[in-house]
Structure formats: C-alpha cells, structure tokens
Protein chains: 2
Amino acid sequence: MDTSLEILKRNRLSITEGRKKILELFLETDGALAHADIEKNTDAAFDRVTVYRTLQTFVEKGIVHQIPTTDNAVLYALCKHDCAQGHHHDNHVHFICSHCQKTICLDDVTVPIVKLPTGFTPTQSAMIVSGICNDCKKKATP
Amino acid sequence: MDTSLEILKRNRLSITEGRKKILELFLETDGALAHADIEKNTDAAFDRVTVYRTLQTFVEKGIVHQIPTTDNAVLYALCKHDCAQGHHHDNHVHFICSHCQKTICLDDVTVPIVKLPTGFTPTQSAMIVSGICNDCKKKATP
DNA sequence: AATAAATTTGCAATATTGTTGCAAAACTTA
DNA sequence: TAAGTTTTGCAACAATATTGCAAATTTATT
C-alpha cells in the first residue's frame, strides 16, 4: 500500500502538511470525497482555498479523479492505477449508494464501449450507477 | 410534436408564463441547458428563484432530467419519452462535445447494463461520453 | 363572470461554493 | 544555512443556491 509521502514524492510535489493530510484522508476512506467532506474531516485546519488548490493539483497530477454527479457537488476519488499527468484512465464504473450516499469506485468494472451515431468521436466515457451497495445490503439482510 | 401547453396540462401543472417560456426554450433547443443558459435566453424576465423552482418541478414531474457533469454545473434536458413522476427512464447516453461544449442526448443509444460485484444492486445508470460531435466534425472536414 | 381557494412568483435576506491577488510562511535546493 | 522557489492563508469578491413571506396569478367553484 502506498503512503501519502510516497505518492507525493513520486509525483514530484512539495511535501506539505495540507497535501499529506488530504491524501491520507483519501487513503483511509473507501469511497469518494466532496470538497465539503474534506473540510469537515480536517477540522478546518486548512483554508478553503488550500483545499481547492490541493484538489486541483491532485487532479492535474493524476492522483485523484473527478466523478460527475447531478447534485452540484463534484466528487473526488483516488486513482488506484497511476494516471499520467493530465491523462486519467479512470475508466471504471462509479457506484452511488442511494442508502448511505457513499460513492464507490468499482475498480474492476470497466465502462463498456458504446456504438455512437455516425459523426460522433468519443474520447472519454464515464458511467455512474446508483442503487444499494454491498455494505447496506448486508445490514438489511443479516 | 408536443407543445409546451400540452406538456404542462398532461402533467397537471398550472399554466404560467414562466413555465411556458422555459419549456419552449427546451423544446427549441437541441441539447441540454444549464440554469445559466435559461437565465440568459429569457432575458432575465424571471427571477432566478423561479427558474430554480421551475426546473425542480420539471424534474419531479419527469418533464426534464438532470445530466451529471464534472464541472459543477448540473445540466437539464427534455425527457423525450414521457417519464413517470419521480421515476425517470432517461437511460440513454449523453454526449458532451469538447469543442462546442454542447451536451446532446443520444436518444437511440441505450446505456449498457454492466455486471456489478456481488452485493451491489443497481437501480439506475447514467453514461456520459465526451468527444467531438457530428456538427463540429462536419465543420472540421468540409 | 365573479369570487374563493390554491398555487406560484418575486423580493429580500442568507447560505454555500468557487476564484483571484498578494504578502507571509513553508519547503526545496545547493 | 541561506537563497530561491513554491505553497499557504487572508481578504475581498463573484457566482450559485436556498428559504420565508407577502403579493400576484392561476384554478376551481358557484
């Protein structure tokens, strides 16, 4: 398992308290995080602006990727496989649990390729599935 | 082709200027609209709040559906096939053109069903493909 | 058609979310 | 350790979203 330090070094980023803490938060969370989650979980130890800039840096470096949602809050999740700078290959399906609200990266489920009408050239695809996650299902049927 | 009036009546909504105008905007636009687009295209004839509330009502009634994006701007598009109240079946692929920035509903391209890990039960899936749309392609190669 | 009842709108106030410039602080390099 | 570079935090601002409430509009009723 990678440590926050290793990830930062590998990506040639300055090692700062903020980056380490935020990265650790991602490492110990399974599921995606919104900007707001990060602020809460770091006890507002860092300025909002720092969090925004850190997330932006992480996205650019390919450390985390963004997950599209319909609820006006962009989510971020760790890239499991290293992504090249500015070029993510996070083509796995994202699952949003409608019960616990968690967003989970299904790293092993690849986004299928669809046939588009003539004239459309795809460069990237994302897929978001919502429903009940395995954790919530377990709790429901013990 | 449906008129704004018919759609409102069918959904048992009061017929108001705002709802008619906004609905007409959707009918004459191919592609999705963001809240900001609607404000621009109606010359700020309606209060921001009204636009928000109208969109919310339309989503609830199944007249429009939301499209997830990564850039913190929820998009709305007309449901071509009537959707039941609170239950959308807009399971077609959405295409975002990285050139003209338009978002297009590919009504004929259905979101494929993926096999999820054990324990996950899907209820809805969305798929967003980005790339170059047919309009932009035509302009590029005349 | 006129009125009562219900719904919708706009305003004001407020909350939330995201951005920019710049000086101080922290980090890296030599 | 000191110089050079990068990052942070503050302040101010901009954009986006939400809520309560009275006035206006729409619908239902007679």
Side-chain angles (χ1 to χ4, degrees), chain A residues 3-26 32-61 63-76 85 101 103, chain B residues 3-25 32-61 63-64 66-76 85 101 103:
Chain A
T3 67
S4 57
L5 210 84
E6 284 167 351
I7 297 176
L8 290 176
K9 278 188 186 162
R10 181 161 6 108
N11 285 280
R12 269 165 261 276
L13 287 172
S14 306
I15 317 296
T16 69
E17 274 312 295
R19 286 178 181 166
K20 268 195 291 184
K21 267 275 162 51
I22 294 176
L23 205 39
E24 271 155 30
L25 197 58
F26 273 111
L33 294 170
H35 173 97
D37 297 324
I38 294 167
E39 279 209 274
K40 266 177 228 148
N41 282 292
T42 51
D43 281 323
F46 311 101
D47 197 90
R48 308 172 46 66
V49 181
T50 303
V51 177
Y52 280 115
R53 291 198 269 228
T54 304
L55 286 171
Q56 196 179 303
T57 309
F58 285 179
V59 171
E60 278 161 15
K61 287 290 185 178
I63 300 172
V64 303
H65 59 269
Q66 295 175 294
I67 303 169
T69 63
T70 48
D71 67 347
N72 253 48
V74 176
L75 294 176
Y76 300 85
Q85 193 156 326
Q101 301 302 334
T103 297
Chain B
T3 67
S4 58
L5 210 82
E6 285 167 349
I7 297 176
L8 289 177
K9 278 187 187 160
R10 180 158 9 106
N11 286 280
R12 272 167 258 277
L13 287 173
S14 306
I15 317 296
T16 69
E17 275 312 295
R19 286 178 180 167
K20 270 196 290 182
K21 268 277 161 53
I22 293 176
L23 205 38
E24 271 156 30
L25 196 57
L33 295 169
H35 173 101
D37 296 326
I38 294 167
E39 279 210 275
K40 264 177 229 148
N41 282 292
T42 50
D43 281 325
F46 311 101
D47 196 90
R48 304 174 52 66
V49 181
T50 303
V51 177
Y52 280 117
R53 291 198 268 227
T54 305
L55 286 172
Q56 196 180 299
T57 309
F58 285 0
V59 171
E60 278 161 16
K61 287 288 183 178
I63 299 172
V64 303
Q66 294 175 295
I67 302 169
T69 63
T70 48
D71 66 348
N72 252 44
V74 176
L75 295 175
Y76 300 86
Q85 193 156 325
Q101 299 302 333
T103 297

Considering all heavy atoms, the nearest Phe26(A)-Tyr76(A) contact: CE2-O, 3.3 Å

field: Nearest to side-chain heavy atoms of Val49(A), which nucleotide of dC27(C), dT20(C), dT16(D)
entry: dT20(C)

field: Test: Lys20(A) and Glu17(A) ion pair at under 4.0 Å
entry: yes

statement: Whichever of Thr16(A) and His35(B) has the more 5' nearest nucleotide on DNA chain D, that residue is Thr16(A)

message: Tell me the interatomic distance from Glu17(B), atom CD, to dT7(C), atom C1', rounded to whole angstroms.
response: 16 Å

- prompt: Can you tell me how far C1' of dT16(D) sits from CD of Gln56(B), to the nearest Å?
  reply: 15 Å

query: Expressed in angstrom and rounded to an integer, what is the separation of Arg19(B) atom CZ from dT27(D) atom P?
result: 9 Å

query: Out of dT28(C), dC11(C), dT8(C), which nucleotide sits closest to the side chain of Ile15(A)?
result: dT28(C)

- request: Tell me which of Phe46(A) and Ser14(A) sits closer to the 5' end of DNA chain D, going by the nucleotide each one is nearest to.
  value: Ser14(A)

Euclidean distance, atom OH of residue Tyr52(B) to atom P of dC11(C) [Å, nearest integer]: 16 Å

message: Nearest 0.5 Å, please: how far is CD in Glu60(B) from OG1 in Thr57(B)?
response: 6.0 Å

- prompt: Roughly how many Å is it from CG in Leu5(B) to P in dT26(D), rounded to a whole number?
  reply: 12 Å

- request: Figure out the CG/P separation between Asp71(B) and dT17(C), and round it to whole Å.
  value: 17 Å

Interatomic distance where CG belongs to Asp47(B) and P belongs to dC11(C) [whole Å]: 6 Å

- request: Assign Arg53(B) to base, sugar-phosphate, or nothing according to its heavy-atom contacts below 4.0 angstrom with the strands shown.
  value: base

task: Would you indicate which nucleotide in dT8(C), dA17(D), dG18(C) comes nearest to any side-chain atom of Asn72(B)?
output: dG18(C)

message: I'd like to know whether Leu33(A) forms a side-chain contact (heavy atoms from CB on, under 4.5 Å) with Leu75(A), so could you lay out the CA-CA distance, the side-chain angles of the two residues, the decisive distance to 0.1 Å, and finally the verdict.
response: CA-CA 5 Å; Leu33(A) 294 170; Leu75(A) 294 176; over 6 Å; no

For the student: nearest non-hydrogen atoms of Asp71(B) and Thr69(B), plus distance: OD1-OG1, 2.9 Å

- prompt: Rounded to whole angstroms, how far apart are CZ on Arg48(B) and C1' on dT14(C)?
  reply: 14 Å

